[in-house]
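Below is one structure, written out as structure tokens, with a few remarks after it.
For the single chain, residues carry numbers from 1 onward in sequence order. Since this is a predicted model, take the numbers as computed values, not measurements.
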Amino acid sequence: MSKRTRRAVETHGPRGFIAAARGFIAAAGRRVADGDEVDLAELLTLQDDLTAAIQTAVDGLKAQGHSWAYIAAATGKSREAAYLKWGKK
């Protein structure tokens with residue numbers, strides 16, 4: 001396995017938490033690629049978990065009164081696209 005350089009990451013607050021999660025996911029991918037006991041199917045379940053976490057975040061932002069325009073700006077989507085993706089069906 002090649003040597004990887006460590007990046008400095010914020011360790012407090014949501015960004016630090018997300019950076020740590022990103023690191024864990026990347027490490028899990030490398031372990032699966034190296035043939036470790038971690039199963040590829042289990043790694044794939046993280047997609048569902050991430051989708052649910054994003055929906056929870058959007059629901060929370062809406063509950064706090066944020067607009068679809070605000071959410072759209074954070075996601076790089078149009079207001080309508082954000083609503084269609086995460087709005088209540």
Side-chain angles (χ1 to χ4, degrees):
M1 185 148 60
S2 65
K3 243 185 170 175
R4 289 180 172 72
T5 59
R6 292 186 181 261
R7 293 181 290 174
V9 295
E10 179 182 334
T11 57
H12 302 291
R15 287 191 182 144
F17 190 74
I18 291 168
R22 184 177 287 120
F24 290 133
I25 292 167
R30 290 190 300 270
R31 288 183 66 145
V32 170
D34 288 343
D36 204 319
E37 71 276 357
V38 178
D39 184 42
L40 180 58
E42 187 66 22
L43 184 61
L44 286 168
T45 65
L46 291 175
Q47 287 180 321
D48 295 334
D49 296 337
L50 182 57
T51 297
I54 293 168
Q55 185 66 59
T56 298
V58 170
D59 292 346
L61 290 170
K62 286 301 294 170
Q64 292 178 37
H66 291 286
S67 68
W68 284 111
Y70 177 90
I71 293 166
T75 63
K77 295 185 176 298
S78 70
R79 185 174 47 89
E80 181 180 11
Y83 176 78
L84 290 173
K85 185 163 183 82
W86 296 296
K88 296 295 181 200
K89 311 274 187 274

(request) List the steps, then state whether side-chain contact (heavy atoms from CB on, under 4.5 Å) holds for Arg15 with Ile18. (result) CA-CA 5 Å; Arg15 287 191 182 144; Ile18 291 168; 5.7 Å; no

(request) State the CG-CZ distance between Asp39 and Arg31, to the nearest 0.5 angstrom. (result) 13.0 Å

(message) Listing request: all salt bridge (Lys or Arg N to Asp or Glu O under 4.0 Å) pairs with a residue in residues 63-75, at least two apart in sequence or in separate chains.
(response) none

(request) Mind jotting down which residue pairs meet the salt bridge (Lys or Arg N to Asp or Glu O under 4.0 Å) criterion with at least one end in residues 58-67? Sequence neighbours excluded, please. (result) Asp59-Lys88

(request) Working to the nearest 0.5 Å, report the span between CG of Leu50 and OG1 of Thr45. (result) 11.5 Å

(request) Measure the spacing between OG1 of Thr56 and CH2 of Trp86 and express it to the nearest 0.5 Å. (result) 13.0 Å

(request) Specify the closest pair of heavy atoms between Gln55 and Lys85, including all atoms of both residues, with the distance to one decimal. (result) OE1-O, 4.3 Å

Which donor-acceptor pairs under 3.5 Å do the side chains of residues 66-75 make with protein atoms, sequence neighbours left out?
from: Ser67; atom 1: OG; to: Ala69; atom 2: N; distance (Å): 3.3
from: Ser67; atom 1: OG; to: Tyr70; atom 2: N; distance (Å): 3.0
from: Thr75; atom 1: OG1; to: Ile71; atom 2: O; distance (Å): 3.2
from: Thr75; atom 1: OG1; to: Ala72; atom 2: O; distance (Å): 3.1

